[in-house]
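Take a look at the structure below.
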Amino acid sequence: MPVSELASHECIPCKGGVPPLEEVAIDFLHTELGDAWQVVENHHLVREFEFKGYAPAVSFTNVVAGIAETQNHHPDILLTWGKVSVTIWTHKIDGLTESDFYFAAKVEEAYTKES
C-alpha cells in the first residue's frame with residue numbers, strides 16, 4: 001500500500017475501548033508510510049519537516065491544521081524557524097491506530113506538494 005493509498009483513507013475517530021496496534025501491524029504500516037517517519041516505542045509517529053524560512057514553515061503548519069480539522073484527528077505540532085515537527089498518536093487509547101498512519105500519509109502528501 002503506497003503512501004498515496006494510505007492517504008486515500010479517511011481517519012476514523014476512536015471512541016476508546018480498542019487496543020493500540022500491535023508491533024507487526026505497526027511495522028507493516030510504517031513500511032508503507034516510509035522511513036521519513038519514526039515510530040517511537042510503538043506508541044507514536046514523529047516527523048520533522050524542513051523549510052527555507054519561518055513563513056513557509058508557518059504555511060505548512062496551517063496546512064497540517066487544515067488536514068487535522070477535516071479528518072478530526074489532531075497531532076501535536078511544533079513550529080520553529082524553518083522546521084515543523086509533527087507527532088501523531090491516538091490519545092484515547094494512548095497508542096497507534098491505522099488512522100494515525102492515514103493521517104501521517106496525508107501530511108506527507110501535503111509536504112510533497114508544498115516542496
Side-chain angles (χ1 to χ4, degrees):
M1 184 181 319
V3 170
S4 61
E5 189 171 333
L6 279 176
S8 71
H9 293 273
E10 296 295 314
C11 296
I12 301 165
C14 181
K15 297 180 190 311
V18 297
L21 290 175
E22 293 184 13
E23 187 173 354
V24 172
I26 290 170
D27 290 346
F28 174 78
L29 290 165
H30 184 226
T31 298
E32 301 303 311
L33 182 59
D35 289 335
W37 287 86
Q38 295 178 329
V39 175
V40 179
E41 298 178 3
N42 287 323
H43 178 268
H44 55 279
L45 300 170
V46 177
R47 167 101 154 82
E48 184 173 273
F49 300 89
E50 294 189 6
F51 300 90
K52 294 180 179 177
Y54 189 72
V58 169
S59 177
F60 183 69
T61 298
N62 288 328
V63 168
V64 173
I67 296 169
E69 285 299 299
T70 301
Q71 295 298 308
N72 195 26
H73 197 81
H74 302 93
D76 292 349
I77 305 171
L78 175 63
L79 167 66
T80 59
W81 193 97
K83 293 181 185 174
V84 175
S85 179
V86 178
T87 304
I88 305 167
W89 78 95
T90 299
H91 295 80
K92 286 213 181 220
I93 62 167
D94 195 28
L96 290 167
T97 66
E98 289 179 356
S99 289
D100 297 311
F101 287 89
Y102 301 158
F103 187 86
K106 291 174 187 305
V107 172
E108 192 67 31
E109 279 194 340
Y111 179 69
T112 301
K113 290 177 187 174
E114 293 278 314
S115 52

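Of all heavy-atom pairs between G95 and P20, the closest is CA-CB, 4.0 Å. Nearest heavy atoms, A68 versus P75: CB-CD, 3.8 Å. Nearest heavy atom pair, residue N72 against residue H74, reads OD1-CE1, 3.3 Å. Counting all heavy atoms, side chain and backbone alike, Y102 lies closest to C11 at CB-SG, 4.3 Å.
Two residues are said to be in side-chain contact when any heavy atoms from C-beta on lie closer than 4.5 Å; E32 and F101 fail this criterion. In this structure, E108 and R47 have side chains that are in contact, with non-hydrogen atoms separated by less than 4.5 Å. For the pair V86/Y111, no side-chain contact is recorded, criterion being any heavy-atom separation below 4.5 Å from C-beta on.
More than 12 heavy atoms of other residues, nucleotides or ligands shown are found within 6.0 angstrom of CD on E48. Annotation: L78, atom CG; neighbour count of heavy atoms from other residues, nucleotides and ligands within 6.0 Å is above 12.
Every residue meeting the side-chain hydrogen bond (donor to acceptor under 3.5 Å, both in side chains) condition with T90, not counting sequence neighbours, appears here in chain and number order: T97, D100. Judged as a side-chain hydrogen bond (donor to acceptor under 3.5 Å, both in side chains), and not counting sequence neighbours, the contacts of Q71 are E10. Considering only residues two or more places apart in sequence or on other chains, V39 meets the side-chain contact (heavy atoms from CB on, under 4.5 Å) condition with I26, H30, N42, L45, L96. Legend: residues meeting ring pair (Phe, Tyr, Trp, His ring centres under 6.0 Å) with W89, ordered by chain and number and at least two apart, are H43, H44, H91. In terms of the ring pair (Phe, Tyr, Trp, His ring centres under 6.0 Å) criterion, residue partners of F103 (sequence neighbours excluded) are, by chain and number, H73.
A single hydrophobic cluster is seen to contain both I67 and I77, as judged by linkage of ILVMFWY side chains at heavy-atom distances under 4.5 Å, directly or through other members. Both L79 and I88 sit in one connected hydrophobic cluster of ILVMFWY residues. Membership requires side-chain heavy atoms under 4.5 Å apart, directly or through other members. Taken together through direct or relayed side-chain contacts under 4.5 Å among Ile, Leu, Val, Met, Phe, Trp and Tyr, V63 and F49 form part of one hydrophobic cluster. Under the 4.5 Å side-chain heavy-atom criterion for ILVMFWY residues, no single connected hydrophobic cluster contains both V40 and L21. If you chain together hydrophobic residues whose side chains sit under 4.5 Å apart, W81 and V84 fall into the same group.
K106 places a side-chain N or O within donor-acceptor distance of the main-chain N or O of H9, the cut-off being under 3.5 Å.
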Enumerate donor-acceptor pairs with a distance under 3.5 Å from any side-chain N or O in residues 50-61 to protein atoms, sequence neighbours excluded.
from, atom 1, to, atom 2, distance (Å)
T61, OG1, A57, O, 2.9

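To the nearest 0.5 angstrom, Q38 atom CD is 11.5 Å from L33 atom CG.
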